[in-house]
Protein chains: 2
Amino acid sequence: MKIKVIVTLKNGVLDPQGKAIQQTLNGMNFGNVEDVRQGKFFEIEVKEKDEKKAKSLVDEMCKKLLANLVIEDYKIV
Amino acid sequence: MKIKVIVTLKNGVLDPQGKAIQQTLNGMNFGNVEDVRQGKFFEIEVKEKDEKKAKSLVDEMCKKLLANLVIEDYKIV
């Protein structure tokens, strides 16, 4: 089954890429954009029919590879 | 208000980054990972209280900057 994960920077961690996007949008007449934060999105196809087991596997993957828990949070959706 | 957007590669578009992640996971004893696709995630803070208007603004941003519609799809969540 397919499990989706969103990895985002923790609050307080600087996001220069998001800042650049925000400034670009402001310059394109989207003046009311106050902040942009960019994160990552993963769609993982796991050979596992039990949703709970699949999610727990993906949780382990996030901890070991997909997210840097020092500066990032992850959410399995 | 804060609007979230997920940008993913269209089906059929090669995703070498996702492939690399999949192979790494396979090598880390996650043998049952069959496919990984990576996308982007944006959190956009718009100075606009009406949710419908905010989403329609973000939709315009996606079309003009955030997504490359030739190879990517986007979803406002």
Side-chain angles (χ1 to χ4, degrees), chain A residues 1-11 13 15 17-51 53-68 72-77, chain B residues 1-11 13 15 17-51 53-68 72-77:
Chain A
M1 70 184 310
K2 203 175 267 180
I3 306 289
K4 295 171 184 181
V5 182
I6 292 172
V7 176
T8 49
L9 286 170
K10 280 186 202 282
N11 279 338
V13 177
D15 180 3
Q17 195 173 5
K19 228 6 159 204
I21 295 168
Q22 184 211 329
Q23 287 167 357
T24 306
L25 286 169
N26 289 157
M28 288 168 76
N29 281 324
F30 293 109
N32 45 7
V33 174
E34 292 182 315
D35 195 26
V36 177
R37 306 273 291 169
Q38 183 169 3
K40 283 176 280 187
F41 174 77
F42 300 100
E43 246 176 2
I44 302 171
E45 182 73 46
V46 186
K47 205 192 319 179
E48 170 63 63
K49 275 175 191 148
D50 184 289
E51 184 175 346
K53 278 191 202 159
K55 285 195 173 172
S56 115
L57 262 173
V58 170
D59 189 80
E60 211 183 320
M61 292 175 207
C62 288
K63 286 192 178 119
K64 289 191 177 162
L65 180 74
L66 301 178
N68 174 355
E72 292 173 328
D73 288 322
Y74 66 92
K75 204 165 85 185
I76 296 168
V77 286
Chain B
M1 68 184 312
K2 204 175 268 180
I3 305 290
K4 295 171 184 179
V5 182
I6 292 172
V7 176
T8 50
L9 286 171
K10 281 186 202 281
N11 279 338
V13 177
D15 180 3
Q17 195 174 4
K19 227 11 163 197
I21 296 168
Q22 185 211 330
Q23 287 166 358
T24 307
L25 286 169
N26 289 156
M28 288 168 76
N29 281 323
F30 293 109
N32 44 9
V33 174
E34 293 182 315
D35 194 26
V36 177
R37 305 275 290 171
Q38 183 170 359
K40 284 176 279 186
F41 174 78
F42 299 99
E43 247 176 3
I44 302 171
E45 182 73 44
V46 186
K47 205 192 320 179
E48 170 62 66
K49 275 175 190 145
D50 184 291
E51 185 175 345
K53 277 191 203 161
K55 285 194 173 172
S56 115
L57 263 173
V58 170
D59 189 80
E60 210 182 321
M61 292 175 207
C62 287
K63 287 192 179 121
K64 289 191 177 161
L65 180 74
L66 301 177
N68 174 353
E72 292 172 328
D73 288 321
Y74 66 92
K75 204 165 83 184
I76 295 169
V77 287

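Note that the structure is a prediction, hence the values are computed from the model and not measured.
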Looking at B/Met61, B/Glu48, B/Glu45, which hits side-chain contact (heavy atoms from CB on, under 4.5 Å) with A/Val33?
-> B/Met61
Contacting moiety of B/Glu60, where chain A heavy atoms sit under 4.5 Å | both
Which bit of B/Lys2 is near chain A, if near means a heavy-atom gap under 4.5 Å: side chain, backbone, both or neither?
-> neither
Top contributor to chain B interface from A/Lys64, A/Lys4, A/Lys40, A/Arg37 [non-hydrogen pairs under 4.5 Å] | A/Arg37
Quick check for you: to the nearest 0.5 Å, what is the distance between [X] atom [atom1] and [Y] atom [atom2]?
X	Y	atom1	atom2	value
B/Phe41	A/Lys75	CZ	NZ	6.5 Å
A/Glu43	B/Gln38	CD	CD	11.5 Å
A/Phe42	B/Leu25	CZ	CG	9.0 Å
B/Lys47	A/Asp35	NZ	CG	13.0 Å
B/Phe30	A/Leu57	CZ	CG	6.5 Å
B/Leu66	A/Thr24	CG	OG1	9.5 Å

B/Glu34 CD: over 12 foreign heavy atoms closer than 6.0 Å | yes
Check the pair B/Met28, A/Leu65 against side-chain contact (heavy atoms from CB on, under 4.5 Å), reporting the backbone distance first and the verdict last.
-> CA-CA 9 Å; B/Met28 288 168 76; A/Leu65 180 74; 4.2 Å; yes
